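Inspection log for the structure reproduced underneath, given as structure tokens.
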Amino acid sequence: MKDETLCLHAGYAPKNTEPRVVPIVQSTTYVYDSTEDVGAVFDDPTKSLIYSRFANPTVMAVEAKIAALEGGIAAMCTSSGQAASLLSLLNICSSGDSFISTAQIYGGTVNLFAVTLKKLGIECIFVDCDAGEEELHAAFRPNTKAVFGETLANPALTVLDIEKFARIAHAHHVPLIIDSTFATPILCKPIAYGADIVVHSTSKYMDGHALQVGGVIVDSGKFDWESGNFPGLTEPDESYHGLHYIKTYGKLAYILKARMQLMRDFGCYPAAHSAFLLNLGLETLALRMERYCQNAQTVAEYLEKAEQIESVSYPGLPNDKYYGLAQKYLKGASGVITFVVEGGKANAVKFMDALTLASNEVHVADIRTCVLHPASATHRQLTDQQLLAAGIHPGLVRFSVGLENVDDILADIKQALDTL
Ligand SMILES: *Cc1c(COP(=O)(O)O)cnc(C)c1O
């Protein structure tokens, strides 16, 4: 089925007299007829439900829907996008290991990789997303366990050459993990280009309404874990009576290990009610992404011509550095634009404060237009010089185009630019 149909129907198929809409199963626990039945569940926890820290029917319906949209074999939801990125790596890396990540990733992920994982003994080797093949090969060490990158990076708006990164990761027998939050499966399906694991912050376009924080890990089921690099998957799990994930679960080994081991121990599973709301967002995802792309394209073209704007980054613009890669990998360039206002920080702030429709928010990918000035917010501690070194111009504005009528968004931008 096509995406519009999967958004509505995948993951839940009610039988005779069952509810039309995915029910909210608001229960921590599930009952069994006998002690023996309970015992059997512990022998193989994938056979039925144990406890809502591992799995819950409402969340599972959403997991199945997202897996179908990504073309994956299975998925596991998490209570945030951060938790999804963390577990996607902890499932295959432990103290003493390293992994490679592009430098153009979400700021929160940079902290997680460069600071917190380092404290756990896991080293992140950063590479530029535009690095050549030789430079990428040279970044690998014997202990490297994964490669990580973002399809369409937040906030750099770089587009990753997924096929190239997959080819290089696979040459070193490690998986490619892609954070595809800004693209969503509607604009790009990284698995089709060789990605092995896809993660999302569902807090953004998937939820779409700025209702709740969440994340998801999708497993392609295609990676060969038996190179000897991944003992956690190929050797018995002592915490699960010697269970051998590959032998027992085959292609589902990675995602079931994440659930049975990491979710059991870290407990960052979303609540049923959150999954219910996420499902409502997913039902209209295909429709909304189309309009986000249209509105943002119109706004980007307008900004490109505005004399008060120094430069615009939006991979849907033919002059953009990433236009070619966007044409190859993305069905549309999504809804976020960054631009530099003439006159630096002072004018960027003046412009933003003059906006009336677009709201000042830390969030992106809201259904409503919202805007952020990184130099005053996420990168506040940096001097102008440090900002430039980090690739953030002091006059840079991150503009997340919403689903209002685009004429109203343009009118708001125009009157704010007129104040400069
Ligand atoms: C927001 C975001 C995250 C983190 O997700 P949360 O749901 O806020 O924890 C990770 N990656 C990208 C690309 C994001 O935009």
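Remember, it's a predicted structure, so these values are computed and weren't measured experimentally. Atom set for the values below is all heavy atoms of this structure, side chains included, hydrogens, waters and symmetry mates excluded. First listed ligand is number 1; within each ligand, the first listed atom is number 1. Residues take their numbers from the sequence shown, with the count starting at 1.
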Would you mind checking if R141 and E123 are paired as a salt bridge, meaning a charged N to carboxylate O distance below 4.0 Å?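 The answer is yes: the pair qualifies as a salt bridge.
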
Test: K189 and D3 ion pair at under 4.0 Å: yes

What is the ring orientation for F230 with W225, classed by angle as parallel under 30°, tilted 30 to 60°, or perpendicular over 60°?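 Geometry flag for W225 against F230: perpendicular rings.
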
Are there any N/O pairs under 3.5 Å between ligand 1 and the protein, and if so, what are their distances?
unit_1   : atom_1 : unit_2 : atom_2 : d
ligand 1 : 5 (O)  : S201   : OG     : 3.0
ligand 1 : 7 (O)  : G81    : N      : 2.9
ligand 1 : 7 (O)  : S201   : OG     : 2.8
ligand 1 : 7 (O)  : S203   : OG     : 2.6
ligand 1 : 9 (O)  : G81    : N      : 3.1
ligand 1 : 9 (O)  : Q82    : N      : 2.9
ligand 1 : 11 (N) : D179   : OD2    : 2.6
ligand 1 : 15 (O) : N154   : ND2    : 2.9
ligand 1 : 15 (O) : K204   : NZ     : 2.6

Measuring only between side-chain heavy atoms, which start at C-beta, is V147 closer than 4.5 Å to H172?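 No - every pair of side-chain heavy atoms lies 4.5 Å or more apart.
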
If the condition is salt bridge (Lys or Arg N to Asp or Glu O under 4.0 Å), which residues does E235 pass it with, not counting sequence neighbours? none

Step through it carefully: locate the ring centre of Y193, locate the ring centre of Y329, and say whether they are under 6.0 Å apart.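 Yes.
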
